[in-house]
Undergrad: 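My structure is below; once you've seen it, I'll send some questions.
Note that ligands are numbered from 1 as they come in the structure, with each ligand's atoms numbered from 1 the same way.
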Amino acid sequence: MKVGFIGLGNMGAPMAANLAKAGHEVTGFDVAAPCPEGVTPAASAAEAAAGREVVITMLPNGEILRAVADEIIPAMNKGAVFLDCSTVDVESARAVAEQAEAAGLLPLDAPVSGGVGGAQAGTLTFMAGGSEEAFAKAAPLFEVMGQKAVHCGPSGNGQAAKICNNMILGVTMIATCEAFALADKLGLDRQKMYDVVSTSSGYSWVMNAYTPAPGIGASSPADNGYKPGFAAELMLKDLRLAQQAAEAADADTPMGQAAAELYERFVEHEGGRGMDFSAMLPRFEKRGRG
Ligand code: NAD
């Protein structure tokens with residue numbers, strides 16, 4: 001397929017490189033980052049998008065997505081797929097989809113889970129919102145860049161699935177870390193705590209597959225000095241998007257709100273920026289109730 005790829009950062013570069021490696025003809029554009037091997041550089045976003053069957057965006061936020069959409073939608077062929085894989089607010093995703101549809105394009109919001117490791121290995125999970133037709137056309141690309149793609153419904157539903165998932169993840173990470181820190185203070189050995197919880201009703205992906213305690217359970221960023229992985233500031237971004245969506249939809253999300261506030265404190269005032277989001281454990285470890 002002829003693919004345009006806009007946003008070649010930590011995630012976009014390896015995704016674009018995998019598409020090129022699989023034999024797709026990929027043209028790329030980024031305001032700062034270089035094109036990875038196999039991807040032909042374009043002089044602008046519009047040039048990367050013109051004449052392509054699918055145009056993929058992998059950008060930092062909804063504001064930038066809206067600006068790039070204004071630029072590329074008029075340049076794209078009618079019937080082409082506008083596949084946005086960035087994590088953005090539901091409102092921006094739906095506004096961009098509406099604009100693309102009005103121009104005769106097939107929009108699909110398809111944020112990912114799996115991080116930089118998943119992008120490099122081609123094992124991302126895509127959660128997609130848009131028409132059946134758009135999803136079917138993008139499916140061969142999902143197969144190269146990921147191992148699973150779920151069609152979640154109409155435009156915006158991919159972003160909805162992403163922020164709901166990550167709200168659970170943020171809350172669960174905090175709960176698991178505060179429980180480890182409590183166990184420490186109660187004199188319960190961390191390995192014993194893991195042995196019990198990982199096979200009891202407190203188990204979770206965090207405990208079993210991303211254990212936040214160094215040297216215990218699954219190998220994870222905790223075993224590498226809490227180098228990300230999934231950075232605390234990215235978790236904060238997703239928790240803020242969840243709260244923004246909850247406010248717009250009048251949904252009561254007290255645990256999500258508490259998690260957003262805690263990650264905000266951690267990232268902005270407690271040295272959490274640049275650390276993996278599981279570094280909540282050393283944060284709790286050092287504190288008392290005060
Ligand atoms: P990044 O900052 O490394 O990459 C974003 C790229 O977009 C940068 O290279 C930047 O120069 C480029 N860019 C900015 N404005 C542009 C414009 N107007 N035109 C063209 N390029 C532009 O970020 P990332 O880690 O690759 O994340 C990308 C998206 O994926 C974000 O929405 C993020 O929330 C989401 N995401 C990231 C991860 C992760 O672990 N990094 C995991 C899941 C989802």
Undergrad: May I ask whether atom 32 (O) of ligand 1 is less than 4.0 Å from at least one protein heavy atom?
TA: yes
Undergrad: What I'd like to find out is whether the side chain of Val55 reaches to under 4.5 Å of the side chain of Leu83, using heavy atoms alone.
TA: no
Undergrad: Given Thr125, Asn10, Asn61, which one has a non-hydrogen atom that is nearest to atom 25 (O) of ligand 1?
TA: Asn10
Undergrad: Looking only at protein heavy atoms, which one is nearest to atom 29 (C) of ligand 1, and how far off is it?
TA: Leu59 O, 3.5 Å
Undergrad: If you have a sec, work out which protein heavy atom is nearest atom 8 (C) of ligand 1 and how many Å separate them, to one decimal?
TA: Asp30 OD2, 3.4 Å
Undergrad: Show which atoms of ligand 1 fall inside a sub-4.0 Å distance from at least one heavy-atom site of Val68.
TA: 17 (C), 18 (N), 19 (N)
Undergrad: At less than 4.0 angstrom from any non-hydrogen atom of Ser86, what atoms of ligand 1 do you find?
TA: 32 (O)
Undergrad: Please confirm whether the ring centroid of Tyr203 lies under 6.0 Å from the ring centroid of Tyr194.
TA: no
Undergrad: Non-hydrogen atoms of Lys162 versus ligand 1: any pair closer than 4.0 Å?
TA: yes
Undergrad: Got the closest protein heavy atom to atom 4 (O) of ligand 1, with its distance?
TA: Gly9 CA, 3.3 Å
Undergrad: Does an N or O anywhere in Gly115 fall below 3.5 Å from an N or O of ligand 1?
TA: no
Undergrad: Listed by chain and number, what are the side chain to side chain donor-acceptor pair (under 3.5 Å) partners of Arg240, not counting sequence neighbours?
TA: Glu264, Glu268
Undergrad: Using a 4.0 Å cutoff against the non-hydrogen atoms of Leu234, which atoms of ligand 1 qualify?
TA: 39 (C), 40 (O), 41 (N)
Undergrad: Considering only heavy atoms from C-beta outward, does the side chain of Val116 approach that of Phe230 to under 4.5 Å?
TA: no
Undergrad: Asp276 and Lys227: salt bridge (charged side-chain N to carboxylate O under 4.0 Å, His left out), yes or no, with the steps?
TA: CA-CA 5 Å; Asp276 189 71; Lys227 215 174 124 236; over 6 Å; no
Undergrad: What residue and atom, counting heavy atoms only, is the protein's closest point to atom 30 (O) of ligand 1, and at what distance?
TA: Met58 CE, 3.1 Å
Undergrad: What atoms of ligand 1 come closer than 4.0 angstrom to any heavy atom of Ala33?
TA: 9 (O)
Undergrad: Do any N or O atoms from the side chain of Glu133 and from the backbone of Leu106 form a donor-acceptor pair under 3.5 angstrom?
TA: no
Undergrad: Within the 4.0 Å heavy-atom shell around Ala32, which atoms of ligand 1 are there?
TA: 11 (O)
Undergrad: If you measure from atom 19 (N) of ligand 1 to every heavy atom of Leu8, Val31, Leu65, which option wins on shortest distance?
TA: Val31
Undergrad: Output yes when Arg66 and Glu98 qualify as a salt bridge under the 4.0 Å nitrogen-oxygen rule, no when they do not.
TA: no
Undergrad: With a 4.0 Å cut-off, strictly under, does atom 2 (O) of ligand 1 pick up any protein heavy atom?
TA: no
Undergrad: If I compare all heavy atoms of Ala103 with all of Lys78, which pair ends up nearest, and what's the gap?
TA: O-NZ, 3.5 Å
Undergrad: List the steps and the verdict of side chain to side chain donor-acceptor pair (under 3.5 Å) for Tyr263 and Asp238.
TA: CA-CA 11 Å; Tyr263 270 104; Asp238 293 354; over 6 Å; no
Undergrad: Note the single closest protein heavy atom to atom 37 (C) of ligand 1, along with its residue, its atom name and the distance in Å.
TA: Met11 CG, 3.7 Å
Undergrad: Does any N/O atom on Val112 come nearer than 3.5 Å to any N/O atom on ligand 1?
TA: no
Undergrad: Kindly identify the option in Gly114, Gly12, Pro60, Pro228 whose heavy atom sits closest to atom 14 (C) of ligand 1.
TA: Pro60
Undergrad: So is Ala67 touching ligand 1 or not, going by heavy atoms under 4.0 Å?
TA: no
Undergrad: For ligand 1, which is the ligand I care about here, please tell me if Lys237 has any N or O atom under 3.5 Å from one of the ligand's N or O atoms.
TA: yes
Undergrad: Counting from 1, what ligand 1 atoms have a heavy atom of Ile6 closer than 4.0 Å?
TA: 20 (C)
Undergrad: For Ser155, which residues count as a side chain to side chain donor-acceptor pair (under 3.5 Å) partner, sequence neighbours excluded?
TA: none
Undergrad: Considering only NZ, NE, NH1 and NH2 on the basic side and carboxylate oxygens on the acidic side, decide whether Glu270 and Arg287 come within less than 4.0 Å.
TA: yes
Undergrad: Between Thr57 and Asp84, is any side-chain donor less than 3.5 angstrom from a side-chain acceptor?
TA: yes
Undergrad: Looking at the rings of Phe142 and Phe135, which for Trp means the six-membered one, are their centres under 6.0 Å apart?
TA: yes
Undergrad: Whether the side chain of Thr199 engages the backbone of Asp195 through a donor-acceptor N/O pair (distance < 3.5 Å, no angle test) should be reported.
TA: yes
Undergrad: Just jot down the ligand 1 atoms closer than 4.0 angstrom to any heavy atom of Ile64, in number order.
TA: 15 (N), 16 (C), 18 (N)
Undergrad: Starting from atom 36 (N) of ligand 1, locate the nearest protein heavy atom and write down its residue, its atom name and how far away it is, to 0.1 Å.
TA: Thr87 OG1, 4.1 Å
